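Notes for the one structure printed next.
Predicted, not measured: the structure shown is a model, and the values here were computed from it.
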Amino acid sequence: MNTTHTNITDVFFDLDHTLWDFEKNSALAFETVFEMQDLTVDMRVFLRFYVPINKEYWERYRKDEITQKELRFGRLKDTFDLMELVIADDTIVFLSEQYLHYLPKYNHLFDGAIVILDYLKPKYNLHIITNGFAEIQGNKMDNSYITHYFKTITNSEMAGVKKPNRLIFEYALDLAKAQKENSIMIGDCIDADVRGALDAGLDAIFFNESNETVADNIKQVNHLLELKKYL
């Protein structure tokens with residue numbers, strides 16, 4: 001059942017895959033980097049391997065099983081190995097650095113992002129909670145012209161822990177001077193964003209853009225403009 005929350009004062013958003021179209025921007029960044037380095041890579045095949053590998057590496061990073069450095073190197077190395085492309089380790093490190101340099105320069109947002117932010121901003125205090133890397137996330141937001149919508153931005157480097165750890169939500173609430181019972185989290189990851197927020201005592205809405213099957217008790221939207229049903 002869709003119910004509008006009258007007690008909500010603060011709305012927390014995830015950034016990647018929720019507002020900022022990570023897959024589209026990521027593909028464009030890789031295209032640029034490969035072209036600049038004269039690397040002939042079939043982008044269709046590359047992305048077919050890279051997207052799930054990257055997701056898996058982020059899950060491991062979230063669980064503190066690997067470091068940021070291992071994430072950045074391993075996801076590319078594993079992809080190239082599957083494609084049977086022999087690329088030297090130092091070249092992979094360089095490509096990874098170049099990718100991170102170009103990634104924030106692309107600024108595609110999900111359909112409806114600006115419209116929903118314009119709708120929400122006069123009604124609520126808006127915030128970001130992201131597991132992404134501080135400087136890169138800041139550049140993504142600046143280049144997408146959305147920084148001004150948000151009162152606070154919490155990233156995992158500041159908080160010292162990553163979503164779904166309840167401490168990052170508590171850190172974000174403190175920074176926002178918000179109460180958990182008056183706050184709601186919106187994100188694309190059922191574990192990190194939705195269960196993480198619920199476990200920390202906040203309400204949550206799942207941005208279910210890929211139409212995953214989820215439990216009936218989870219609030220969800222398939223398009224950002226559907227948030228108007230709840231907020």
Side-chain angles (χ1 to χ4, degrees), residues 11-37 39 41-59 61-62 71-72 75-76 79 95-121 126-156 163 185-190 192-194 205-212 220-228 231:
V11 178
F12 294 83
F13 277 94
D14 176 41
L15 182 62
D16 292 339
H17 303 280
T18 300
L19 293 169
W20 197 80
D21 192 338
F22 182 89
E23 300 305 350
K24 187 181 279 189
N25 295 320
S26 176
L28 290 165
F30 275 124
E31 272 180 24
T32 300
V33 172
F34 294 155
E35 213 170 279
M36 287 175 71
Q37 299 308 313
L39 266 183
V41 176
D42 183 327
M43 284 304 296
R44 209 165 37 85
V45 177
F46 174 82
L47 292 171
R48 194 170 76 231
F49 288 130
Y50 178 81
V51 170
I53 286 171
N54 182 47
K55 192 175 178 185
E56 193 181 302
Y57 266 84
W58 269 99
E59 278 172 23
Y61 178 67
R62 207 161 57 224
L71 163 82
R72 290 173 173 182
R75 61 188 178 182
L76 265 183
T79 304
L95 290 171
S96 175
E97 286 166 357
Q98 288 294 294
Y99 165 72
L100 291 172
H101 173 73
Y102 283 101
L103 181 63
K105 296 183 185 297
Y106 294 98
N107 59 5
H108 292 280
L109 299 171
F110 278 103
D111 188 45
I114 296 295
V115 175
I116 201 67
L117 291 172
D118 281 336
Y119 168 81
L120 294 173
K121 189 167 168 57
L126 304 182
H127 313 276
I128 291 282
I129 309 178
T130 173
N131 281 350
F133 313 128
E135 185 188 351
I136 293 166
Q137 299 303 75
N139 289 338
K140 285 176 185 175
M141 292 178 67
D142 289 347
N143 292 336
S144 306
Y145 309 106
I146 58 171
T147 308
H148 65 282
Y149 287 102
F150 300 97
K151 291 208 160 183
T152 68
I153 298 163
T154 295
N155 62 67
S156 53
K163 296 177 291 184
M185 176 76 200
I186 300 158
D188 71 292
C189 182
I190 202 82
D193 298 313
V194 177
I205 299 172
F206 178 38
F207 177 48
N208 190 5
E209 203 243 348
S210 53
N211 285 309
E212 289 174 43
Q220 61 169 311
V221 295
N222 305 118
H223 189 284
L224 289 172
L225 293 182
E226 290 174 37
L227 289 170
K228 290 182 181 184
L231 294 163

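Annotation: side chain of Gln137 is not in contact with side chain of Ile153 (no heavy-atom distance under 4.5 Å). The shortest distance between side-chain heavy atoms of Phe13 and Phe207 does not fall below 4.5 Å. Contact of the Phe12 side chain with the Asp193 side chain is not registered, since no non-hydrogen atoms from C-beta on lie closer than 4.5 Å. The side-chain heavy atoms of Leu76 and Phe46, taken from C-beta on, include a pair separated by under 4.5 Å.
The 12-atom threshold is exceeded at CD of Glu23, counting heavy atoms of other residues, nucleotides or ligands nearer than 6.0 Å. At most 12 heavy atoms of other shown residues, nucleotides or ligands fall within 6.0 angstrom of atom CD in Glu135. Within 6.0 Å of the CD atom in Glu59, the count of heavy atoms belonging to other residues, nucleotides or ligands exceeds 12. Residue-environment remark: NZ (Lys151) stays at or below the threshold of 12 foreign heavy atoms within 6.0 Å.
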Quiz item: Would Lys140 and Asn25 count as a side chain to side chain contact (heavy atoms under 4.5 Å, CB included) if you check the C-alpha gap in whole Å, the side-chain angles of each, and the deciding distance to 0.1 Å?
Solution: CA-CA 10 Å; Lys140 285 176 185 175; Asn25 295 320; over 6 Å; no
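Ser26 and Tyr99 form a side-chain donor-acceptor contact under 3.5 Å, judged by distance and modelled atom types alone.
Screening Asn143, Asp21, Thr32 for a side-chain hydrogen bond (donor to acceptor under 3.5 Å, both in side chains) involving Tyr106 leaves a single residue, Thr32.
In this structure, the side chain of Asn155 does not engage the main chain of Gly132 through any donor-acceptor pair within 3.5 Å.
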